[in-house]
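So the structure is just underneath, and the comments pick up after that.
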Amino acid sequence: QVQLVESGGGLVQPGGSLRLSCAASGSIFSINAMGWYRQAPGKQRDLVATITGAGSTNYADSVKGRFTISKNNAKNTVYLQMNSLKPEDTAVYYCNANVVTTYLRALEAWGQGTPVTVSS
């Protein structure tokens, strides 16, 4: 199987910064793309940022200019650097990966989520 483990969430004051990490492991042959999604209390899960295997990035308008997604291919790890955090950024952040397994089957994997709270 393929597992995604997020880390780095926590409590931060408005205007502060936080760095999330997501490590993919298991029967991975290649990773087509990875991304971060978030779900605030009482709301749907929304896309935050994505990065392709080639390194192309995409961001939600609400985080553009404040968040940066990056990756380390050797470690199968994706990062989300979050700066100038706002209370509306409070959510559980989920890592997502579209992978090709060692058996050459395409899979969509999700992490368990890491909570981010931007407190006043």
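Note that the numbering runs from 1 along the sequence shown for the chain. None of the values given here were measured: they were computed from a predicted structure.
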Where M34 and C22 come nearest, the two heavy atoms and their spacing: CE-SG, 4.1 Å
So, taking the atom named OG1 in T57 and the one named NZ in K64, what distance separates them when rounded to the nearest 0.5 Å? 9.5 Å
Give me the other members of the hydrophobic cluster that V100 sits in, counting Ile, Leu, Val, Met, Phe, Trp and Tyr linked by side-chain heavy atoms under 4.5 Å, directly or via other members. F29, L104
Tell me whether the rings of Y94 and W110 are parallel (<30°), tilted (30 to 60°) or perpendicular (>60°). perpendicular
Taking all non-hydrogen atoms of both residues into account, name the closest pair between W36 and S21 and its distance. CH2-O, 3.6 Å
Using the side-chain contact (heavy atoms from CB on, under 4.5 Å) rule, pick out the option among D89, T114, L85 that qualifies with L18. L85
I'd like to know if the side chain of T101 and the backbone of Y103 have a donor-acceptor N/O pair within less than 3.5 Å. yes
Minimal non-hydrogen separation, S70 against V78, with atom names: O-CG2, 3.1 Å
Side-chain heavy atoms under 4.5 angstrom apart, residues restricted to Ile, Leu, Val, Met, Phe, Trp, Tyr: same cluster for L20 and Y59? yes
hydrophobic_cluster_shared for V116 and L4, side chain cutoff 4.5 Å: yes
Side-chain donor-acceptor contact under 3.5 Å, E108 with N96: yes
Are the side chain of T90 and the backbone of V118 linked by a donor-acceptor contact shorter than 3.5 Å? yes
Are V92 and L47 linked, directly or through intermediate hydrophobic residues, by side-chain heavy-atom contacts shorter than 4.5 Å (ILVMFWY only)? yes
NZ of K43 to CD of E88, rounded to nearest 0.5 Å, is 8.5 Å
Between E6 and Q112, which heavy-atom pair has the shortest distance, and what is it? OE1-N, 3.1 Å
When you measure from the side chain of T77 to the backbone N and O of K75, does any donor-acceptor pair fall under 3.5 Å? yes
Taking side chain as C-beta onward, heavy atoms only, is P87 less than 4.5 Å from P14? yes
Minimal heavy-atom distance between G35 and I69, with the atoms involved, is CA-CD1, 4.3 Å
Here the pair of heavy atoms bringing A24 nearest to I28 is CB-CD1, 3.7 Å
R19 CZ to T68 OG1 distance, which is reported to the nearest 0.5 Å: 10.0 Å
With the side chain counted from C-beta on, respond yes when L80 and F67 share a heavy-atom pair under 4.5 Å apart, and no when they do not. yes
Answer yes if Y79 and Y37 sit in the same cluster of Ile, Leu, Val, Met, Phe, Trp and Tyr residues linked by side chain heavy atoms under 4.5 Å apart, and no otherwise. no
Take N83 and S17 through the test side-chain hydrogen bond (donor to acceptor under 3.5 Å, both in side chains) and record every step on the way to the result. CA-CA 4 Å; N83 298 325; S17 298; 2.9 Å; yes
Between Y93 and R38, a side-chain donor and acceptor under 3.5 Å: yes
Value for CG (N73) from CD1 (I31), rounded to nearest 0.5 Å, stands at 7.5 Å
